[in-house]
Colleague: 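Pasting a structure below so you can have a look.
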Amino acid sequence: MSAASSLCLGLLSALCLGCLGCDAPGRPAPGPEVRRPDQVMAFAALYKQNCAGCHGDKGKSGAAISLDNPAYLALAGETNVRRVTAKGVAGTLMPAFAKSAGGTLTDRQIDSLVRGILAWSRPDVLGGSPPPYAASAKGDPTQGQKAFAEFCAHCHGAGGQGAKDAPGSIVDPSYLALVSDQSLRSTIIAGRPDQGMPDWPSDITGSGARAMTDREITDIVAWLAAQRTGP
């Protein structure tokens with residue numbers, strides 16, 4: 001066989017082997033393109049990855065406050081929802097998610113989360129004059145204990161250790177160590193509908209048969225906060 005024939009035969013063999021290699025057993029098939037984490041913009045994906053672990057699937061039945069709670073969203077408003085999502089809450093398990101605050105999400109991803117969460121809101125669900133989101137004055141624990149006995153003890157027990165309608169203790173230091181004063185206030189005003197706790201205008205089953213005032217809510221939070229132990 002001539003040198004030219006040998007060269008042609010060798011090139012043909014290499015070409016055939018190359019073609020066979022493209023379909024060789026065990027070679028992975030082309031898969032979908034994997035997006036970079038900062039390119040994920042869908043609310044459902046962002047919420048599942050960053051929020052559902054604490055706030056529950058679809059914003060309810062989680063350990064943290066329910067986000068699928070129109071009363072809470074009406075109370076907090078877009079400004080506070082955005083601030084807490086981006087910057088977190090110091091001293092609690094709520095982390096900062098924005099890259100500018102040490103988190104992993106871009107501003108556009110924060111926007112997507114906030115828009116998706118606020119889609120669960122309903123206007124005017126708290127009535128005409130609800131208490132403000134944040135307290136404007138320091139609470140009085142002594143007065144708070146009295147207000148607690150009037151408005152809260154019928155469900156949570158006289159000392160907050162729990163009763164038939166709400167068996168869990170809300171003065172357990174382990175629980176209080178995980179929640180901020182603002183979280184306690186928000187829960188008192190907005191309720192926990194996923195756990196049967198009424199919101200502020202609905203909770204008039206106490207002996208006073210009236211809704212709590214802003215001052216009484218602030219004092220109750222101060223009394224609960226006084227039950228915390230040191231680090």
Side-chain angles (χ1 to χ4, degrees), residues 55 59-60 62-81 83-84 89-94 120-163 165-229:
H55 294 282
K60 62 183 67 175
I65 195 166
S66 298
L67 296 178
D68 184 16
N69 179 356
Y72 170 71
L73 296 176
L75 173 69
E78 180 178 355
T79 299
N80 288 307
V81 171
R83 175 181 56 79
V84 172
V89 180
T92 73
L93 295 180
M94 176 64 193
W120 290 326
S121 65
R122 294 199 310 269
D124 302 324
V125 70
L126 279 175
S129 301
Y133 173 75
S136 58
K138 186 177 180 180
D140 182 341
T142 301
Q143 295 301 317
Q145 186 173 19
K146 296 176 181 178
F148 184 91
E150 178 178 352
F151 293 100
C152 312
H154 58 279
C155 287
H156 294 285
Q161 289 88 358
D165 292 336
S169 173
I170 59 172
V171 293
D172 184 335
S174 298
Y175 163 70
L176 292 173
L178 297 175
V179 295
S180 65
D181 288 4
Q182 180 59 59
S183 179
L184 292 170
R185 179 180 177 86
S186 297
T187 301
I188 292 172
I189 299 173
R192 285 293 302 264
D194 55 327
Q195 296 183 6
M197 179 180 174
D199 56 26
W200 162 79
S202 303
D203 189 18
I204 55 173
T205 56
S207 60
R210 60 178 178 84
M212 284 179 277
T213 65
D214 177 23
R215 178 78 248 180
E216 288 166 332
I217 293 170
T218 301
D219 290 343
I220 289 174
V221 171
W223 178 72
L224 289 171
Q227 313 308 309
R228 289 193 182 104
T229 58

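Side-chain atoms are counted along with the backbone in the values below, which use heavy atoms only and exclude waters and symmetry mates.
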Colleague: Going by heavy atoms in the side chains, are Q182 and Y133 under 4.5 Å from each other?
Modeller: yes

Colleague: For the pair D214 and R185, find out whether any cationic side-chain nitrogen is under 4.0 Å from an anionic carboxylate oxygen.
Modeller: yes

Colleague: Are the side chains of R83 and N80 in touch, meaning some heavy atoms are under 4.5 Å apart?
Modeller: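 The answer is yes; the side chains approach within 4.5 Å.
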
Colleague: Could you check whether any side-chain N or O of Q145 sits under 3.5 Å from a backbone N or O of P141, counting only pairs where one atom can act as donor and the other as acceptor?
Modeller: no

Colleague: Do you see a donor-acceptor pair shorter than 3.5 Å between the side chains of T187 and R192?
Modeller: no

Colleague: Taking the side chain as every heavy atom from C-beta outward, state whether H156 and F148 have any atom pair closer than 4.5 Å.
Modeller: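 A side-chain contact exists here, since the closest heavy-atom pair is under 4.5 Å.
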
Colleague: Would you indicate whether the side-chain heavy atoms of L73 and R122 approach each other to under 4.5 Å?
Modeller: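 SC-SC contact between R122 and L73 ruled out.
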
Colleague: For side-chain contact (heavy atoms from CB on, under 4.5 Å), just list the numbers for L224 and Y175, CA-CA rounded to whole Å, side-chain angles, deciding distance to a tenth of an Å, and then say yes or no.
Modeller: CA-CA 11 Å; L224 289 171; Y175 163 70; over 6 Å; no

Colleague: Nearest heavy-atom pair of R210 and E216: which atoms, and what distance?
Modeller: NH2-OE2, 2.6 Å

Colleague: Can you confirm whether P130 sits close enough to W200 that some side-chain heavy atom of one is under 4.5 Å from a side-chain heavy atom of the other?
Modeller: yes

Colleague: Of the options D199, L67, I189, V125, which is the one that meets Y72 in a side chain to side chain contact (heavy atoms under 4.5 Å, CB included)?
Modeller: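 Of all the options given, the one that passes is L67.
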
Colleague: Hey, is the main chain of K60 close enough, under 3.5 Å, to the side chain of D194 for a donor-acceptor pair?
Modeller: no

Colleague: For A190, does its backbone N or O pair with a side-chain atom of N69 as donor and acceptor, under 3.5 Å?
Modeller: yes

Colleague: Which value, rounded to the nearest 0.5 Å, describes the distance between M212 atom CE and T218 atom OG1?
Modeller: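 One finds 10.5 Å between CE of M212 and OG1 of T218.
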
Colleague: State, to 0.1 Å, how close H55 and I65 come at their nearest heavy-atom pair, and which atoms those are.
Modeller: ND1-O, 2.8 Å

Colleague: Of all the heavy-atom pairs spanning V221 and D181, show the shortest one and how long it is.
Modeller: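 It is CG1-O, 3.7 Å.
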
Colleague: What are the two closest non-hydrogen atoms of A163 and C155, and how far apart are they?
Modeller: CB-O, 3.2 Å

Colleague: Of the non-hydrogen atoms in I170 and L176, which two are nearest, and what is the gap between them?
Modeller: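 Answer, listing the atom of I170 first, then L176: O-CD2, 3.5 Å.
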
Colleague: Atom OG of S121 and atom CG of L75: how far apart are they, to the nearest 0.5 Å?
Modeller: 12.5 Å

Colleague: Identify the heavy atoms of S174 and D172 that sit nearest to each other, and give their distance.
Modeller: N-OD1, 2.9 Å

Colleague: Quick check: does any side chain N or O of T92 sit under 3.5 Å from a backbone N or O of M94, one acting as donor and the other as acceptor?
Modeller: yes

